[in-house]
Protein chains: 2
Amino acid sequence: MSQNEDTASYFKALGHPVRLQIARKLMEGEKCVSEVENMLSISQANTSQHLSILKANGIVDCIRKGNIKCYFLKEPGKIQGLLAVLENTIQEKG
Amino acid sequence: MSQNEDTASYFKALGHPVRLQIARKLMEGEKCVSEVENMLSISQANTSQHLSILKANGIVDCIRKGNIKCYFLKEPGKIQGLLAVLENTIQEKG
DNA sequence: CTAGTATATAACAATATAATTATATACTAA
DNA sequence: TTAGTATATAATTATATTGTTATATACTAG
C-alpha cells in the first residue's frame, strides 16, 4: 500500500468515536479487553472487533497474560501527537 | 457533539485516500474544483462530494472567484502537523 | 478430564459510505 | 436574452462498516 493509503487507513481507524475512546483510554496504560468493554459500555464482541481494527492498523498491540489479553498503544507518542495537534488549541485571553 | 466525536469525525474525513490526497494538494496552495478533479483523475461530481465532506468537517473552506470556486485548507498547520506525526519518521542509521 | 472465564470469530441485519449518472444551479460572455 | 463553463446536488447502485447474536477458541482451576 502507498504511504497515502496507509495514512488514510490509520486516520480511518481512529475515525470512529469508540475506537478513538479506546486509544484515549490506552494512553493511561494497558488494559485488558474486559476493562475496555466495561469502560466504554459496549459488548464484548464489539470491543474485540474494534480492538482488532486498531491492531490491524498498527495502532495497538497486545500480549496474552495467562487468561487475559492486554492491549496497549504501539506508539503512544503518535496518538498523543495527533490529539495535541487537533485538541490542544491554545486558548487566547478573552 | 463532544470533542471526542468531533475529533473522530475529523479523522474520518481524512480517512479516505482521495480526501487525504486533496488535503495534500491543498497544502501547496488553493485549487479550484476542476484542478483537484484533474490532479486526482476522479469525476467532477465525486470531487465535489469529497470537497463537501472536507468542508463539513472544517478542514477546507472555499471562496467563489467569478465562475470558479477556490478551495483551501482552513488550518494548514493542523494538516501539516498530523502528517508530520504520522509520516515524518526519523530514520535510524542502518 | 470438566467447568468456568476471557477473548475471538462467524453470520447476519441494519446502516452508512462511495461512485456513477443525470440534472440543477451559478456565473460569464456575447 | 442565449450559450457555455464551473460546480453542486439528487437519485441510484454497489460496497463497506457497524452492531448483535451465536458460537468457537484459549486458557485456568480443580
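Quick caveat: nothing in here was measured; it's all calculated off a predicted structure. The figures that follow rest on heavy atoms only: side chains count, while hydrogens, waters and symmetry mates do not. Residue numbering restarts at 1 for every chain, and letters A, B, ... go by the order of the sequence lines.
To the nearest 0.5 Å, the span separating SG on A:Cys32 from CD1 on A:Ile63 amounts to 11.5 Å.
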Kindly give the atom pairs (protein nitrogen or oxygen, nucleotide nitrogen or oxygen) under 3.5 Å for nucleotides 5-9 of chain C.
residue : atom : partner : partner atom : Å
C:dT5   : O2   : A:Asn67 : ND2          : 3.1
C:dT7   : OP1  : A:Val33 : N            : 3.3
C:dT7   : OP1  : A:Lys69 : N            : 3.3
C:dT7   : OP2  : A:Ser34 : N            : 2.9
C:dT7   : OP2  : A:Ser34 : OG           : 3.4
C:dA8   : OP1  : A:Lys69 : NZ           : 3.1
C:dA8   : OP1  : A:Tyr71 : OH           : 2.5
C:dA8   : OP2  : A:Ser48 : OG           : 2.9
C:dA8   : O5'  : A:Ser48 : OG           : 3.4
C:dA8   : N7   : A:Gln44 : OE1          : 3.4
C:dA8   : N7   : A:Gln44 : NE2          : 2.8
C:dA8   : N6   : A:Gln44 : OE1          : 3.0

Protein and nucleotides 14-17 of chain C: nitrogen or oxygen contacts under 3.5 angstrom:
residue : atom : partner : partner atom : Å
C:dT17  : OP1  : B:Lys12 : NZ           : 2.4

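Of all heavy-atom pairs between A:Met27 and A:Gln80, the closest is CE-CG, 3.3 Å.
Taking atom CD1 of residue A:Ile53 and atom P of nucleotide D:dA16, one finds them 14 Å apart after rounding to whole Å. Between the CD1 atom of B:Ile42 and the C1' atom of C:dT20 there is a distance of 12 Å, rounded to whole Å. For A:Leu20 and D:dT18, the CG to P distance is 13 Å, given to the nearest whole Å. If you take CD1 of A:Ile22 and C1' of D:dG19, they are 13 Å apart, rounded to a whole angstrom.
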(message) The test is side chain to side chain contact (heavy atoms under 4.5 Å, CB included); show your working for A:His50 and A:Asn46 and say whether it passes.
(response) CA-CA 6 Å; A:His50 282 302; A:Asn46 201 14; 3.4 Å; yes

(message) Evaluate A:Leu86 against B:Leu82 for side chain to side chain contact (heavy atoms under 4.5 Å, CB included), listing each step before the verdict.
(response) CA-CA 8 Å; A:Leu86 293 187; B:Leu82 295 177; 3.9 Å; yes

(request) Applying side chain to side chain contact (heavy atoms under 4.5 Å, CB included), run through B:Glu37 and B:Ser34 and close with a yes or a no. (result) CA-CA 5 Å; B:Glu37 179 187 341; B:Ser34 68; 4.2 Å; yes

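With a 6.0 Å radius and a threshold of 12 heavy atoms from other residues, nucleotides or ligands, A:Lys55 has its NZ atom at or below the threshold.
For the OP1/OP2 pair of D:dG19 and a distance below 4.0 Å, the side-chain nitrogens and oxygens of A:His50 include at least one atom meeting the criterion.
Taking the six-membered ring for Trp and thresholds of 30 and 60 degrees, B:Phe11 and A:Phe11 have nearly parallel ring planes, at less than 30 degrees apart.
Listed for the A:Asn4 side chain is a donor-acceptor partner under 3.5 Å among the backbone atoms of B:Pro17.
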